[in-house]
Amino acid sequence: MPDRRPAPHGRPPSQPSGRPPGRPPGQPSGQPFELPDFYLPHPARLNPHRERADAHSKQWARGMGYVGTGDEPGLWPEEVYDAAGFALLTAYTHPDATAGILDLLTDWYVWVFYFDDHFLDAYKRTKDLAGAKEYLDRLATFMPVDPADSPEPANPAEAGLADLWARSAPLMPVDWRVRFAESTFDLLVECLWELDNISEDRVPNPIEYVEMRRKVGGAPWSAGLVELAAQAAVPARVAGTRPLRVLRDAFSDAVHLRNDVFSYQRETEEEGEVNNGVLVLERFLAVPPQQAADITADLVTSRMQQFENTALTELPVLFEEHALAPDERGAVLRYVQGLQDWQSGGHEWHLRSGRYMNQDVRARGAAGAILASPLGFGTSAVRHRSLSGPPPAGELEAPEFSLPYGVRLSPRLAAIREHVRSWAGEMGMLRRTGSGRGLVPAMWDEVPALWNEAAFDAADYGLFAALTHPDADGPELELMAGWHVWHFYLSDVFSRAFKGRRDLAGGRAFLARLPEFTPDEGAEPHAVPANAVERGLADLWARTAADLDVAARRRVADAVEGLAEGLNRELTGAVQRRVPDPVDQLETRRGSGGADLVTALMRRTLPGGLLGATPMRALADAFADIGGLRDDILAFVVDPGDPGDPGDGGSGRGVPGGGDPFNNAVAAVATFLDCAPQSAAGIVADLITARVRQFERVVAADLPRLAAEHGLDGAARRALARHVRDLRHWMAGDLRWSTGREPAPAPSALRRVLGGPTGLGTSAALVRHPRTAPARTPGGHGS
């Protein structure tokens with residue numbers, strides 16, 4: 001959505017801030033760059049009820065104390081409110097909404113812009129992190145499933161939200177209320193991330209920025225209002241599926257990045273903002289603002305192209321797989337149409353609102369920034385590269401990896417080496433050396449033993465277990481080692497049998513059987529194992545489930561299903577020859593890379609009430625990304641385009657997905673930013689450092705607060721500390737096993753990783769601007 005960043009418990013909102021939503025009197029002497037040409041395949045349309053919405057919402061804003069009157073100044077003077085054009089925004093972004101719904105939507109946007117400007121003055125400018133958290137925690141309570149349960153408002157922001165929720169919730173089903181409340185909560189709480197960056201004067205990594213901006217930028221929130229505007233709630237059973245998530249995320253990225261171009265001057269010159277996509281690219285790629293803006297506009301087109309690809313290729317399959325009724329399909333299609341309308345209308349509003357940098361467009365006519373490309377669904381390919389095709393290739397020198405944790409080795413190394421070899425043989429994963437290469441199966445239930453004994457011994461999966469679980473006792477070490485071997489084997493089988501052959505139907509059938517071996521109610525599988533993957537899973541589940549309650553079993557089973565979903569997403573990308581966007585790659589890798597499964601297994605001793613808390617999710621995601629991103633760099637270094645033969649060495653020492661030319665973070669960043677692989681690897685390495693910092697920040701600041709909020713006793717606090725220690729041991733051991741390198745010991749490494757320079761252009765030594773990078777080597781892998 002347009003620039004909306006947050007408001008407060010501190011200074012009373014009725015006091016004027018001196019910073020209105022429109023451009024202050026006195027235009028800047030000049031723009032830092034000329035607005036680039038934007039691609040929009042759908043012409044904007046204007047809702048006929050605009051004037052009514054304008055009059056209604058202005059009166060509403062006055063009543064809430066947002067707009068000044070004769071006696072009360074409010075946050076915004078009347079002339080500044082008029083210049084912002086909020087009703088023009090909603091009339092353009094929701095051209096088909098009824099009069100009453102358009103009134104409601106305009107009130108929502110008035111409220112969110114008020115929240116943004118007030119939060120800026122009360123918390124961002126003052127860098128009051130503690131006050132901001134207190135304020136946001138209370139504001140989030142005003143969207144209960146039942147609007148009657150809202151507390152009594154204590155300030156204008158709370159009063160506005162309570163009124164809006166009381167008018168909106170009855171119009172939509174419960175599932176929408178829950179989803180929209182969550183997106184609003186994300187919009188509120190993730191402002192703390194922006195505030196943290198401002199406090200540290202830190203410009204985020206480009207990929208980190210896109211991921212977090214999806215939440216704090218508010219476009220997912222706007223997508224929820226699209227459902228409200230069209231009275232077309234997405235059916236609950238498909239709302240969380242990948243195609244709907246990709247549509248929402250691609251929409252969000254395009255909206256946010258476009259807004260960052262228009263907002264650059266105001267945010268950098270007036271607000272001291274560091275969370276802007278143009279600024280992020282300018283600093284990280286060491287390029288002038290004009291070049292950064294042009295790259296940002298190209299990214300907008302890339303995101304819109306992803307939106308089109310998903311709508312055309314994945315929605316029809318989704319409709320059939322979930323057997324959606326005609327009215328449900330119609331609701332999804334109206335939602336998609338609404339997102340398209342929002343893109344076009346939001347752009348048109350940016351060209352006309354006094355809030356943004358648009359003097360040059362006004363001078364030459366608003367249409368000049370839109371009609372630079374042919375119009376029509378899918379015509380973006382005329383100007384920009386296709387989503388499908390060969391991934392980037394080129395020589396790559398791996399960056400140095402460091403972690404602030406020392407490596408320890410289990411004293412049971414010899415025993416666990418023998419155990420995993422014996423177990424893999426019993427499950428049917430090994431064939432004798434010299435017995436022939438692993439055959440590609442004709443059907444999923446004919447998968448033969450894939451690994452030979454020599455390759456298995458060289459990979460040394462026993463060493464991996466001993467390094468990643470140095471304190472585990474014998475039975476625990478054997479169980480965890482089995483899970484790791486099973487995951488490595490599953491990844492190699494899937495790459496060999498399905499990814500390599502682009503066998504979408506076979507791969508989905510193979511993965512669909514895995515939940516049969518992880519039932520909630522106990523240890524007995526619902527099916528008879530037909531191959532080594534299923535036998536291994538059945539054996540591991542029987543030993544794991546026996547010691548877990550139903551909730552814990554569900555968490556591990558969910559992680560197995562998430563692993564299958566991640567592999568399925570990778571297979572879909574391979575079939576389409578499509579490199580995912582970097583954030584999609586991160587989310588996929590958390591599942592397919594096995595980190596979510598590892599985390600679920602390690603959490604078995606933690607109190608259940610902690611597991612869904614935001615700090616625990618942040619800890620798990622950082623843990624997953626540190627290993628997954630590093631593995632992707634290593635896999636690209638080994639061979640960016642040849643999956644090799646898993647039977648004779650497999651994925652290169654067991655790195656899941658190794659050699660996959662499409663599902664790789666380096667390839668994803670290189671494609672997303674149109675840069676050389678070495679430049680992309682620098683950005684990925686920078687993101688790894690940011691994730692290590694995030695992990696330690698959560699441990700130092702968020703977990704103690706979480707323990708206090710939940711009233712944890714001594715035993716529970718020790719369990720939480722042990723969980724953190726186990727994650728650190730796992731990361732250090734995994735790095736040692738994957739690279740052969742010993743992480744630098746703490747505390748010097750801790751100072752280097754947590755206190756060294758990052759962001760603000762410090763990766764420029766590694767990252768060259770894509771337009772000046774050397775051409776890719778002809779004839780290389782994937783060229």
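What you see is a predicted model, and the numbers here were worked out from it, not measured in a lab.
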Salt-bridge criterion met for [X] and [Y] (N-O under 4.0 Å):
X: Asp621; Y: Arg617; answer: no
X: Asp107; Y: Arg167; answer: yes
X: Glu348; Y: Arg352; answer: yes

Hey, what do you get for [atom1] ([X]) to [atom2] ([Y]), rounding to the nearest 0.5 Å?
X: Ser263; Y: Arg258; atom1: OG; atom2: CZ; answer: 12.0 Å
X: Ile101; Y: Asp96; atom1: CD1; atom2: CG; answer: 13.0 Å
X: Arg697; Y: Arg693; atom1: CZ; atom2: CZ; answer: 6.5 Å
X: Met143; Y: Asp149; atom1: CE; atom2: CG; answer: 14.0 Å
X: Leu225; Y: Ser168; atom1: CG; atom2: OG; answer: 7.5 Å
X: Phe86; Y: Asp54; atom1: CZ; atom2: CG; answer: 10.5 Å

Report the residues that fulfil side-chain contact (heavy atoms from CB on, under 4.5 Å) with [X], sequence neighbours left out, ordered by chain and then residue number.
X: Gln290; value: Phe33, Glu34, Asp294
X: Pro48; value: none
X: Thr241; value: Val238, Pro243, Leu244, Leu318, His322
X: Gln59; value: Arg62

In the structure I gave you, are the side-chain heavy atoms of [X] and [Y] within less than 4.5 Å of one another anywhere?
X: Trp342; Y: Val226; result: yes
X: Thr106; Y: His56; result: no
X: Pro36; Y: Val261; result: yes
X: Leu619; Y: Phe695; result: yes
X: Leu40; Y: Met304; result: yes
X: His42; Y: Asp341; result: no
X: Asn155; Y: Glu158; result: yes
X: Glu78; Y: Asp82; result: yes

Can you sort out the partners of [X] under salt bridge (charged side-chain N to carboxylate O under 4.0 Å, His left out), two or more places apart, ordered by chain and number?
X: Arg705; result: Asp702
X: Arg179; result: Asp175, Glu227
X: Arg242; result: Glu314, Asp584
X: Arg214; result: Asp249, Asp253, Asp581

### Message
Quick check against the 3.5 Å criterion: does Asn47 have a side-chain atom that pairs as donor or acceptor with the backbone of Pro95?
### Response
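Yes, because the side chain of Asn47 sits within donor-acceptor range (under 3.5 Å) of the backbone of Pro95.
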
Are [X] and [Y] close enough that their ring centres sit under 6.0 Å apart?
X: Phe251; Y: Phe307; answer: no
X: Tyr109; Y: Trp221; answer: yes
X: His347; Y: Phe262; answer: yes

State which residues pass ring pair (Phe, Tyr, Trp, His ring centres under 6.0 Å) with [X]; sequence neighbours excluded, sorted by chain then number.
X: Trp60; value: Tyr66
X: Tyr92; value: none
X: Trp111; value: Phe115

### Message
If we check salt bridge (charged side-chain N to carboxylate O under 4.0 Å, His left out) with Asp103, which of these qualifies: Arg50, Arg52, Lys58?
### Response
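The passing option is Arg52.
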
### Query
Mind checking whether Trp165 and Trp176 have parallel, tilted or perpendicular rings, split at 30° and 60°?
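Judged by the thresholds at 30° and 60°, the geometry between Trp165 and Trp176 is parallel.
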
#### Entry: Pairs touching residues 137-161 that satisfy ring-ring contact (aromatic ring centres under 6.0 Å, His included), sequence neighbours left out
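Listed by first then second residue: nothing to list.
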
